[in-house]
Number of protein chains: 2
Amino acid sequence: MSDVTRWLDDDEQRTWRSFLVATQRVHEALDRQLQRDAGMPHAYYMILVALSEAPGRALRMSELAAKAQSSQSRLSHAVARLEERGWVRRDRCPEDRRGNVAVLTDAGFAALEEAAPGHVAEVRRVLFDVLTPQQVRDLHEICATVRDTLER
Amino acid sequence: MSDVTRWLDDDEQRTWRSFLVATQRVHEALDRQLQRDAGMPHAYYMILVALSEAPGRALRMSELAAKAQSSQSRLSHAVARLEERGWVRRDRCPEDRRGNVAVLTDAGFAALEEAAPGHVAEVRRVLFDVLTPQQVRDLHEICATVRDTLER
DNA sequence: ACAATTTACTTGAACTCTCATATACTTGGG
DNA sequence: CCCAAGTATATGAGAGTTCAAGTAAATTGT
């Protein structure tokens, strides 16, 4: 951080604030829809998705954390809850006995299948339906840049 | 929601996922920086900013909730915490005795002044520094559209 | 071979947020 | 004027997240 603060000019302020409002509302809408219709927060949904796409519907905890955009601690707590619901099982890892493998159960997969249509509809409602195809392309480019800059 | 689900095609998937990763990382970075350097979450920072910009540095709770993008309940809890720290004071509203007015104290204003430079630096680091001027304009347009669509 | 370090994951406490409910005041009919 | 309905905010319980610390196993250096 430099000695003199470079404050945001008016344009930057407006951009920043609209970014904050928009992104917050999108995440809020997603969370609310999933909580209401599927009884899970969006973070849990992302965990189920990541598992469902993995070979054998199973992943080491640390890989799962990376794919589901979660901290290890957060994941650990979340998987504990998902396990209570019978949606995920935890197996000890044979080749590295420190490790755990989270496995999506059939019940978990079913819960995901049931939640998915409503979720996708919400994603369309809050984002794709309101943007032009060009805006979608621009947004992709912008987000990819930000994503790649902010490695963990 | 229609009978048949319109799933996201590959492009939409990629866009959506980069959006999720990018926005989550931005919000995470903001929260972490403010928590580490100023001892407050971003939501509290937004409350202080909203108050600092209001005439007399004071706002009714419901107006404050709107300006700080907070639910009323969330704001109520947050202001209670900010009050404990001496950064905000709550006065009863004279013309409507149901109402409360949150007032930013001098200590609160000082805390905001101290937090602001680091926060702005972080905002630049995670967003403005990595985007071209054209991308910033595009992003503004996109976010304004989403914001205006998703009224509360 | 074994102590020191690192890695993988879990745990507990503190905190924030959400949702449902409660309280206090105001307003609008009859 | 009084009662019903609405509005402004607070509160409490429950749930998720973070941070710091803890456990256990693998790896590294000597």
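Letters A, B, ... mirror the listed sequences (proteins, then strands); counts begin at 1.
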Can you tell me if A:Ser70 uses its side chain to pair, donor with acceptor, with the backbone of A:Leu75 under 3.5 Å?
yes
Taking the hydrophobic residues Ile, Leu, Val, Met, Phe, Trp and Tyr, and joining any pair whose side-chain heavy atoms are under 4.5 Å apart, which ones share a cluster with A:Val103?
A:Val101
Neighbour count >12 (heavy atoms, 6.0 Å) for atom CG, B:Asp106:
no
Do any of residues 81-97 of chain B sit with a heavy atom less than 4.0 Å from DNA chain C, and if so which?
B:Arg81, B:Arg85, B:Asp96, B:Arg97
Under the side-chain contact (heavy atoms from CB on, under 4.5 Å) criterion, do B:Val146 and A:Val130 qualify, and how do the steps go?
CA-CA 7 Å; B:Val146 173; A:Val130 308; 4.0 Å; yes
Counterpart residues, ring-ring contact (aromatic ring centres under 6.0 Å, His included), relative to A:His42 (two or more places apart)
A:His119
Go through the structure and list residues passing side chain to side chain contact (heavy atoms under 4.5 Å, CB included) with B:Ser76, not counting sequence neighbours.
B:Arg90
Are the side chains of B:Gln135 and A:Thr145 in touch, meaning some heavy atoms are under 4.5 Å apart?
yes
Side chain to side chain contact (heavy atoms under 4.5 Å, CB included) partners of B:Ala107, counting only residues at least two apart
B:Trp87, B:Thr105
Could you go through residues 43-54 of chain A and list every donor-acceptor pair under 3.5 Å that involves a side-chain atom there, pairing it with any protein atom two or more places apart or in another chain?
from    : atom 1 : to      : atom 2 : distance (Å)
A:Ser52 : OG     : A:Val49 : O      : 2.8
A:Glu53 : OE1    : B:Arg17 : NH1    : 3.2
A:Glu53 : OE2    : B:Arg17 : NH2    : 2.7

Does any pair with a residue in residues 113-125 of chain B pass salt bridge (charged side-chain N to carboxylate O under 4.0 Å, His left out), and if so which ones, sequence neighbours excluded?
A:Glu12-B:Arg124, B:Glu122-B:Arg125
Can you list the residues that meet the side chain to side chain contact (heavy atoms under 4.5 Å, CB included) rule with A:Gln134, with sequence neighbours excluded?
A:Thr132, A:Arg137, A:Asp138
Taking only residues two or more places apart in sequence or in another chain, which ones pass ring-ring contact (aromatic ring centres under 6.0 Å, His included) with A:Phe128?
none
Outermost nucleotides of DNA chain D that come under 4.0 Å of a non-hydrogen atom of chain A
D:dG16 to D:dA26
Chain A reaches DNA chain C, atoms under 4.0 Å from its heavy atoms, from C:dT7 to C:dC19
Would you jot down, in residue-number order, the residues of residues 41-64 of chain A having a non-hydrogen atom under 4.0 Å from DNA chain C?
A:Arg60, A:Met61, A:Ser62
